[in-house]
Asker: 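Questions regarding the structure given below will be posed in turn.
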Amino acid sequence: MRLATWNVNSVRARVDRVIAFLERSQTDVLAIQETKCRDEQFPVAAFEAAGYEVAHVGHSAWNGVAIASRVGIADVETSFPGQPGFAKPAAPAPADDAPAEAPDASPDEAPATLLEVPPPVEARALGATCAGVRVWSLYVPHGRAVDDPHYAYKLAWLGALHDAAAGWLDDDPRTQVALVGDWNVIPLDTDVYDPAAFAGHTHVTPAERQAFTAFATAGYTEVTREHLPAEHTYTYWDYQQLAFPRNKGLRIDFAYTSPAVRERITGVVIDRDERKGKGASDHVPVILDLADPA
DNA sequence: ATGCCCCCGAAACGGGGA
């Protein structure tokens with residue numbers, strides 16, 4: 001079985017390239033991130049015409065994750081248990097000369113406050129079982145800046161995913177789980193074209209790197225590095241400043257798997273050619289080849 | 001070579017991305 005993950009940066013803008021990739025690579029299961037659409041906007045027909053079923057979660061033009069499979073897709077979950085939400089920071093308090101709220105609220109109806117309303121869970125994780133493998137398509141929050149609330153959200157999100165994923169590794173050594181996607185963490189200095197360019201930024205802080213490596217101590221193995229250990233092996237290149245021709249990239253797309261999946265993997269390919277040409281995503285597919293189960 | 005940012009929705013710019 002061929003299992004791939006790809007941050008496509010808008011599935012509607014790139015559906016032809018995605019379908020062409022599926023057919024060219026003969027991928028059986030594709031985890032997709034950043035679809036940037038609501039469920040009813042997802043181009044399901046093109047995938048079905050190519051022989052794939054699709055499970056998707058998307059609430060707006062932001063985020064959005066999916067799994068396309070031609071080997072079955074079952075038990076879909078559109079978030080993981082305990083997945084934190086993100087609340088936009090509260091608007092600044094009104095100026096002193098702003099008109100006061102009219103005191104006409106019904107006394108027996110307490111006004112809703114931010115503290116009482118849980119922040120919305122974003123479309124960043126989708127789980128489904130495909131040919132016996134529990135696949136999670138993951139789009140880890142970016143973080144934006146270390147002093148931004150989005151950064152604390154990113155760490156909380158990774159921590160909650162870790163706790164959930166640790167529970168998925170039960171005592172059965174046959175349990176097949178794959179956590180794949182855009183992790184938005186640069187685990188090593190050799191995973192970035194120039195570490196100095198990221199000094200003081202997100203993706204490289206010790207807290208983010210610790211949150212990432214914690215999955216290994218929980219019993220998962222990051223199998224893309226296991227099979228492709230070369231330094232400066234990138235999965236993302238910015239659109240700006242000729243980053244791709246100059247090979248100024250980042251390695252931020254990874255696959256943590258349970259031992260039973262790890263032992264099936266015969267090879268990993270990063271489809272660097274997919275970054276070429278007009279209409280490319282800024283990320284490329286990362287492909288895992290799995291032998292038939294023992 | 002691969003090539004000088006791109007996507008979205010709302011509005012004709014601004015937010016988000018990494």
Side-chain angles (χ1 to χ4, degrees), chain A residues 5-18 20-21 24 32-43 56-66 86-89 91-92 120 122-124 138-151 153-155 157-158 181-205 207-209 211-212 232-254 269-286:
Chain A
T5 183
W6 189 11
N7 180 324
V8 299
N9 184 17
S10 174
V11 71
R12 289 177 292 170
R14 240 168 295 289
V15 60
D16 291 347
R17 274 188 90 129
V18 176
F21 164 75
R24 177 178 74 252
I32 305 171
Q33 299 86 41
E34 279 210 86
T35 62
K36 291 189 172 178
C37 67
R38 300 188 301 274
D39 290 343
E40 67 271 23
Q41 298 174 307
F42 192 99
H56 174 257
V57 60
H59 307 306
S60 69
W62 305 114
N63 313 311
V65 286
F86 181 64
K88 283 199 162 69
E122 297 181 313
R124 294 181 177 276
L138 304 168
Y139 178 45
V140 175
H142 175 284
R144 296 180 188 163
V146 293
D147 60 351
D148 191 294
H150 208 259
Y151 176 78
Y153 167 55
K154 177 182 193 173
L155 295 178
W157 201 97
L158 279 167
D182 175 359
W183 291 75
N184 266 321
V185 175
I186 300 169
L188 305 175
D189 283 348
T190 48
D191 293 328
V192 52
Y193 60 93
D194 178 12
F198 272 73
H201 293 262
T202 61
H203 293 59
V204 298
T205 65
E208 289 166 281
R209 288 175 167 176
F212 182 81
H232 305 288
T233 297
Y234 304 133
T235 64
Y236 163 92
W237 298 260
D238 198 282
Y239 286 119
Q240 302 184 60
Q241 298 175 319
L242 290 172
F244 183 55
R246 291 173 175 158
N247 199 29
K248 296 176 77 169
L250 309 175
R251 188 172 194 168
I252 52 177
D253 299 273
F254 298 101
V269 174
I270 294 174
D271 187 4
R272 196 176 182 281
D273 286 346
E274 186 53 53
R275 185 63 180 81
K276 300 177 182 178
K278 197 167 181 61
S281 171
D282 41 6
H283 297 249
V284 294
V286 178

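The chains referred to below are lettered A, B, ... by the order of the sequence lines, with proteins before strands, and numbering in each begins at 1. What you see is a predicted model; the values in this text were computed from it and never measured.
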Asker: Using whole Å, what does the distance between atom P of nucleotide B/dC8 and atom CG of A/Asn9 come to?
Answerer: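 Those two atoms, CG and P, are 8 Å apart.
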Asker: Send over the distance from A/Asn63 CG to B/dG9 P, rounded to a whole Å.
Answerer: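 Roughly 13 Å, once rounded to whole Å.
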Asker: Which one, B/dA18, B/dG16, B/dG9, comes nearest to the side chain of A/Arg144?
Answerer: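 Out of B/dA18, B/dG16, B/dG9, the nucleotide with an atom closest to A/Arg144's side chain is B/dG16.
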Asker: Please tell me which of A/Lys278 and A/His283 maps to the more 5' nucleotide of DNA chain B, matching each residue to the nucleotide holding its nearest heavy atom.
Answerer: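 Looking at the nearest nucleotide for each, A/Lys278 comes out on the 5' side.
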Asker: Provide the distance between the two C1' atoms, one in B/dA10 and one in B/dG14, to the nearest whole Å.
Answerer: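 Approximately 9 Å lies between the C1' atom of B/dA10 and that of B/dG14.
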Asker: Look at the side chain of A/Gln33 and the backbone N and O of A/Asn7, then say whether any donor-acceptor pair between them is shorter than 3.5 Å.
Answerer: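 Yes; judged by distance alone, with no hydrogens or angles, the pair exists.
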Asker: Rounding to the closest angstrom, what is the interatomic distance between B/dA18 and B/dC8 at atom P?
Answerer: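 Nearest-Å result for B/dA18 against B/dC8 at atom P: 15 Å.
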Asker: Between atom CZ in A/Arg38 and atom P in B/dG9, what is the gap in whole Å?
Answerer: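 Checked: the CZ to P distance equals 7 Å.
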Asker: Say we look at B/dC4 and B/dG9: how far apart would their P atoms be, to the nearest angstrom?
Answerer: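 It comes out at 25 Å once rounded to the nearest Å.
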Asker: Which whole-number value in Å describes the distance from A/Lys154 NZ to B/dG17 P?
Answerer: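 Atom NZ in A/Lys154 sits about 10 Å away from atom P in B/dG17.
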Asker: Tell me whether the side-chain N/O atoms of A/Arg12 come closer than 4.0 Å to OP1 or OP2 in B/dG9.
Answerer: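 Yes, within the criterion.
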Asker: Please report the distance, rounded to the nearest Å, between CD in A/Gln240 and C1' in B/dG16.
Answerer: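 Nearest whole value for this atom pair: 12 Å.
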Asker: Counting only side-chain heavy atoms from C-beta out, which of B/dG16, B/dC5, B/dA18 sits nearest to A/Tyr239?
Answerer: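 Looking only at heavy atoms from C-beta outward on A/Tyr239, the closest nucleotide is B/dC5.
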Asker: Which nucleotide in the list B/dT2, B/dG9, B/dA18 gets nearest to the side chain of A/Arg272?
Answerer: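 So the side chain of A/Arg272 is nearest to B/dT2.
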Asker: Need to verify one output field. Residue with the more 5' nearest nucleotide on DNA chain B, A/Arg14 or A/Tyr139?
Answerer: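 Result: A/Arg14.
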Asker: Could you tell me whether A/Ile186 contacts a base, only the sugar-phosphate backbone, or nothing, with contacts defined as non-hydrogen atoms closer than 4.0 Å?
Answerer: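 The answer is nothing, as A/Ile186 stays clear of every strand by at least 4.0 Å.
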Asker: Could you state the CD-C1' distance from A/Glu34 to B/dC7, rounded to the nearest angstrom?
Answerer: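 Going from A/Glu34 (CD) to B/dC7 (C1'), I get 9 Å.
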Asker: Please report, rounded to the nearest Å, how far the C1' atom of B/dA1 is from the CZ atom of A/Arg246.
Answerer: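 Spelled out: CZ on A/Arg246 to C1' on B/dA1 is 14 Å.
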Asker: Check every strand shown and say whether A/Tyr236 touches a base, only sugar-phosphate, or nothing at a heavy-atom separation below 4.0 Å.
Answerer: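 Counting heavy atoms under 4.0 Å across all strands, the contact made by A/Tyr236 is with sugar-phosphate only.
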Asker: Expressed in whole Å, how much space separates the C1' atoms belonging to B/dA1 and B/dC6?
Answerer: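 22 Å, rounded to whole Å.
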Asker: Determine the contact category for A/Asp253: base if any of its heavy atoms lies under 4.0 Å from a base atom, sugar-phosphate if only primed atoms, P, OP1 or OP2 are that close, otherwise nothing.
Answerer: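 Here A/Asp253 touches no strand at all.
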Asker: How many Å lie between NZ on A/Lys248 and C1' on B/dC5, as a whole number?
Answerer: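 After rounding, the gap between these two atoms is 14 Å.
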Asker: Of all the nucleotides listed (B/dC8, B/dG17, B/dT2), which has the minimum atom distance to the side chain of A/Phe244?
Answerer: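 In terms of side-chain proximity for A/Phe244, the closest of B/dC8, B/dG17, B/dT2 is B/dT2.
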Asker: Taking the side chain of A/His142 as its heavy atoms from C-beta onward, which of B/dG16, B/dC8, B/dA18 lies nearest to it?
Answerer: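 Among the listed nucleotides, the one closest to the side chain of A/His142 is B/dA18.
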Asker: Heavy atoms only, 4.0 Å cut-off, all strands: where does A/Gly277 land among base, sugar-phosphate and nothing?
Answerer: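 The answer is sugar-phosphate, as A/Gly277 gets under 4.0 Å only of primed atoms, P, OP1 or OP2.
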Asker: Do A/Thr190 and A/His232 meet the criterion of a side-chain donor-acceptor pair at a distance under 3.5 Å?
Answerer: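 A/His232 and A/Thr190 do not have a side-chain donor-acceptor pair below 3.5 Å.
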Asker: Using the side-chain heavy atoms of A/Trp62, tell me which of these nucleotides is nearest: B/dG15, B/dC8, B/dA18.
Answerer: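 Among the listed nucleotides, the one closest to the side chain of A/Trp62 is B/dG15.
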Asker: Give the ring-plane orientation class for A/Trp237 versus A/Phe244, where under 30° counts as parallel, over 60° as perpendicular and anything between as tilted.
Answerer: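 Plane angle over 60°, so perpendicular.
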Asker: Side chain of A/Leu242: nearest nucleotide among B/dC7, B/dC8, B/dC4?
Answerer: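 Of the candidates, B/dC4 comes closest.
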Asker: How close do A/Arg124 and A/His150 get, heavy atom to heavy atom, and via which atoms?
Answerer: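 Result for this residue pair: NH2-NE2, 3.8 Å.
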Asker: Report the nucleotide, chosen from B/dG9, B/dA18, B/dC7, that has the shortest atom-to-atom distance to any side-chain atom of A/Gln41.
Answerer: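 From the listed options, B/dG9 comes nearest.
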Asker: Measuring only between side-chain heavy atoms, which start at C-beta, is A/Gln241 closer than 4.5 Å to A/Lys248?
Answerer: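 They are not in contact (no side-chain heavy atoms under 4.5 Å apart), so the answer is no.
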Asker: Would you indicate which nucleotide in B/dG9, B/dG17, B/dT2 comes nearest to any side-chain atom of A/Arg124?
Answerer: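 That would be B/dG17.
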Asker: Please determine whether a side-chain nitrogen or oxygen atom of A/Asn184 lies at a distance below 4.0 Å from atom OP1 or OP2 of B/dA18.
Answerer: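 For B/dA18, OP1 or OP2 has a side-chain N or O of A/Asn184 closer than 4.0 Å.
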Asker: With rounding to whole Å, what would you report as the distance between B/dA12 and B/dG17 at their C1' atoms?
Answerer: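 My reading of the C1' atoms in B/dA12 and B/dG17 gives 22 Å.
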Asker: Contact class for A/Asn247 (heavy atom, under 4.0 Å): base, sugar-phosphate, or nothing?
Answerer: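 No contact at all - A/Asn247 keeps every heavy atom at 4.0 Å or more from the nucleic acid.
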Asker: Using purine N1 to pyrimidine N3 plus N6-O4 or O6-N4 for Watson-Crick, or N1-O2 and O6-N3 for G-U wobble, both under 3.5 Å, which nucleotide pairs with B/dC4?
Answerer: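 Its partner: none found.
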Asker: Between A/Asn247 and A/Tyr193, which heavy-atom pair has the shortest distance, and what is it?
Answerer: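 Smallest heavy-atom distance, with atoms named: O-CB, 4.2 Å.
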Asker: To the side chain of A/Ala61, which of B/dG3, B/dA18, B/dG9 is closest?
Answerer: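 Selected nucleotide: B/dG9.
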Asker: Examine distances only and state if a side-chain atom of A/Thr202 and a backbone atom of A/Gly143 form a donor-acceptor pair shorter than 3.5 Å.
Answerer: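 Judged by distance alone, no pair lies under 3.5 Å.
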